[in-house]
Amino acid sequence: MPEVLVLNSGSSSLKYRLIAMPSEQVLASGLVERIGSDEVPDHAAALDQVLREVPDLAPEAVGHRIVHGGERFRAPTLVDDDVLAGIDELAELAPLHNPPAAVGIRAARTAFPDVPQVAVFDTAFHATIPDEASTYAIDASVAERFGVRRYGFHGTSHEYVSEVAAAFLGSPAARLIVLHLGNGASACAVRDGRSVATSMGLTPMEGLVMGTRGGDLDPGAVLHLLRQGMSLDEVDTLLNKRSGLLGLTGHADMRDVQTAAADGDAAAGLALDVYAHRVQQYIGGYLALLGGLDVLVFTAGVGENSAEVRASAVEGLEHLGIALDPARNTSGSGPRVISRDGSPVTVLVVPTDEELQIARHCLPHLSS
Ligand SMILES: Nc1ncnc2c1ncn2[C@@H]1O[C@H](COP(=O)(O)OP(=O)(O)O)[C@@H](O)[C@H]1O
Ligand SMILES: CC(=O)OP(=O)(O)O
Ligand SMILES: [Mg+2]
């Protein structure tokens with residue numbers, strides 16, 4: 001059976017998975033961390049380590065997670081020199097994510113020169129978002145010239161999770177909201193299987209509160225900080241790496257924030273309230289845009305594992321037809337219903353699997 005190697009390059013890590021397709025059997029998987037250190041200087045060295053960890057690696061396709069596809073890449077794309085140049089050009093809009101992925105592609109092309117490399121973009125699933133949801137109300141000529149519009153991210157996860165939800169429920173939900181709550185976090189409104197709105201924007205900074213990114217912010221705050229004398233790089237670092245849960249509490253990991261809050265740390269308590277408040281705002285907004293709601297799905301590290309965050313995210317929303325069953329919310333694993341019987345909105349937990357979805361997108365590019 002053909003084997004697909006999936007590479008998910010983060011800023012300092014490389015996740016990999018070898019999957020037999022179409023059986024979807026996982027043959028190997030792992031994580032190379034601390035890229036940039038002495039032992040693993042770059043993503044090419046990380047791939048070398050994967051080649052040593054998985055002997056006789058002979059994939060028939062390599063799938064790559066690419067965060068930003070810009071205007072150009074609206075579907076999984078076979079990589080050639082021109083496509084790689086296009087991914088390089090988008091680095092500025094996703095500086096934490098696109099450059100390491102490009103290094104990963106180059107390393108994989110060297111290691112497997114005759115094997116198709118498939119780029120799978122986080123933005124692609126959101127290509128169906130209508131203009132009124134993707135347009136920022138700024139000078140239209142400036143927006144056009146600089147490509148300033150909402151692209152949206154985590155699309156591979158939102159797509160996978162909405163497909164699993166449909167299969168689990170036996171029919172595609174007409175009106176669905178996916179909450180991808182991980183280190184990065186985003187909400188997505190899905191109608192008949194297509195993304196119609198999402199909380200991340202031009203870059204993966206807008207929307208929900210995240211580990212180190214704060215999400216929605218008055219753009220006037222950025223101007224204010226610059227005028228007060230902070231440099232561009234300082235503001236960039238503040239907003240990408242020192243905000244969100246980390247900025248509010250000193251902890252980027254939700255588990256540490258919850259522990260601190262339970263110990264009476266007021267800042268941690270406030271951070272949890274801000275986090276839930278923001279999620280509720282998007283649930284309400286997307287429910288209005290969708291004209292009602294059939295299914296609400298929690299996914300990713302926080303969404304899959306924290307019953308407390310799920311409970312606070314929908315607390316008081318019974319009037320919208322959203323009511324959790326406390327026992328279901330605090331037990332179980334795999335795709336599952338956590339709403340009360342008779343709740344008009346079915347609430348699900350669906351573990352995401354970006355690597356498997358990337359492998360599925362490689363299927364059309366397998367020769368055998
Ligand atoms: N049991 C848990 N309770 C609360 N949060 C959790 C739990 N397990 C994992 N998390 C959170 O999930 C986050 C990571 O989510 P994940 O989707 O794996 O992120 P990424 O893929 O973006 O690195 C961690 O930062 C942690 O805060
Ligand atoms: C796009 C994005 O935010 O990705 P991640 O959650 O992996 O940081
Ligand atoms: Mg993630």
Side-chain angles (χ1 to χ4, degrees), residues 6-17 29 31 33 64-70 90-91 93-101 120-126 150-161 178-188 198-215 239-241 243-246 248-262 268 271-272 275-276 279 298-313 329-333 349-358:
V6 177
L7 301 180
N8 185 343
S9 303
S11 49
S12 68
S13 68
L14 175 69
K15 276 188 223 164
Y16 69 90
R17 192 166 324 155
S29 69
L31 168 69
E33 289 181 286
H64 300 265
R65 179 193 180 205
I66 312 294
V67 161
H68 217 309
L90 289 159
L93 291 178
L96 304 181
H97 294 98
N98 270 37
V120 180
F121 298 91
D122 261 41
T123 45
F125 181 59
H126 303 300
R150 178 181 310 286
Y151 293 98
F153 300 90
H154 293 138
T156 304
S157 173
H158 289 302
E159 177 187 56
Y160 173 82
V161 163
V178 180
L179 298 169
H180 175 111
L181 309 179
N183 184 27
S186 66
C188 183
T198 194
S199 58
M200 283 178 164
L202 171 69
T203 72
M205 293 173 74
E206 193 178 353
L208 302 177
V209 176
M210 317 182 206
T212 66
R213 289 165 267 171
L239 299 179
N240 268 313
K241 299 186 174 161
S243 295
L245 296 176
L246 180 68
L248 292 176
T249 71
H251 307 287
D253 192 299
M254 178 57 86
R255 287 162 291 200
D256 297 333
V257 178
Q258 291 173 324
T259 304
L272 294 177
Y275 191 99
V279 172
F298 287 93
T299 193
V302 177
E304 290 166 26
N305 295 304
S306 178
E308 293 95 329
V309 169
R310 293 194 295 264
S312 64
N329 185 38
T330 49
S331 60
S333 62
V349 175
V350 175
T352 194
D353 195 336
E354 290 165 305
E355 283 77 16
L356 176 56
Q357 189 72 358
I358 290 170

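Counting starts at 1 for both ligands and their atoms, in listed order.
With Asp122 as the partner, the side-chain hydrogen bond (donor to acceptor under 3.5 Å, both in side chains) test is satisfied by one option alone out of His154, His97, Arg65: Arg65.
Residues Tyr275 and Val302 are in side-chain contact: their nearest non-hydrogen atoms beyond the backbone lie under 4.5 Å apart.
Considering backbone and side-chain atoms together, Met254 places an N or O closer than 3.5 Å to an N or O of ligand 1. By the 3.5 Å distance cut-off applied to N or O atoms, Arg65 is counted among the residues near ligand 2. No N or O atom of Ala252 sits closer than 3.5 Å to an N or O atom of ligand 1. Checking only distances, Asn183 does come within under 3.5 Å of ligand 1, N or O to N or O. The N/O atoms of Arg213, backbone and side chain alike, include one that comes under 3.5 Å of an N/O atom in ligand 2. Note: no N/O pair closer than 3.5 Å links His180 and ligand 1 by distance alone. On a distance-only criterion, Val67 and ligand 2 share no N/O pair closer than 3.5 Å.
The side chain of His154, and not its backbone, has at least one atom closer than 4.0 Å to an atom of ligand 2 (non-hydrogen atoms only; side chain from C-beta on). Contacts between Lys15 and ligand 2, counted as non-hydrogen atom pairs separated by less than 4.0 Å, are absent for every part of the residue. Residue-level proximity to ligand 1 for Glu304 is absent, since no heavy atom of it falls below 4.0 angstrom. With a heavy-atom cut-off of 4.0 Å, His68 does not touch ligand 2 at all.
Residue Val302 has at least one heavy-atom neighbour below 4.0 Å for each of these atoms of ligand 1: 11 (C), 12 (O). Less than 4.0 angstrom separates some heavy atom of Phe153 from each of these atoms of ligand 2: 1 (C). Proximity to Gln258 (heavy-atom distance under 4.0 Å) selects the following atoms of ligand 1: 3 (N), 4 (C).
By the 4.0 Å heavy-atom criterion, His97 is counted among the residues contacting ligand 2. Lys15 counts as a contact of ligand 1, since one of its heavy atoms falls under 4.0 Å from the ligand. The closest approach between a heavy atom of Glu308 and any atom of ligand 1 is not below 4.0 Å. Distances shorter than 4.0 angstrom occur between a heavy atom of Met200 and an atom of ligand 2.
Residues that satisfy the salt bridge (charged side-chain N to carboxylate O under 4.0 Å, His left out) test with Glu206, not counting sequence neighbours, are Arg150. Under the rule for a ring-ring contact (aromatic ring centres under 6.0 Å, His included), Phe298 has no partner lying at least two apart in sequence or in another chain.
When all heavy atoms of Leu93 and Pro204 are compared, the closest pair comes out as O-CD, 4.0 Å. Nearest approach of Val67 to Ala94, heavy atoms of both residues: CG1-CB, 4.2 Å. Listed here is the closest heavy atom pair of Phe153 and Thr203: CE1-C, 3.2 Å.
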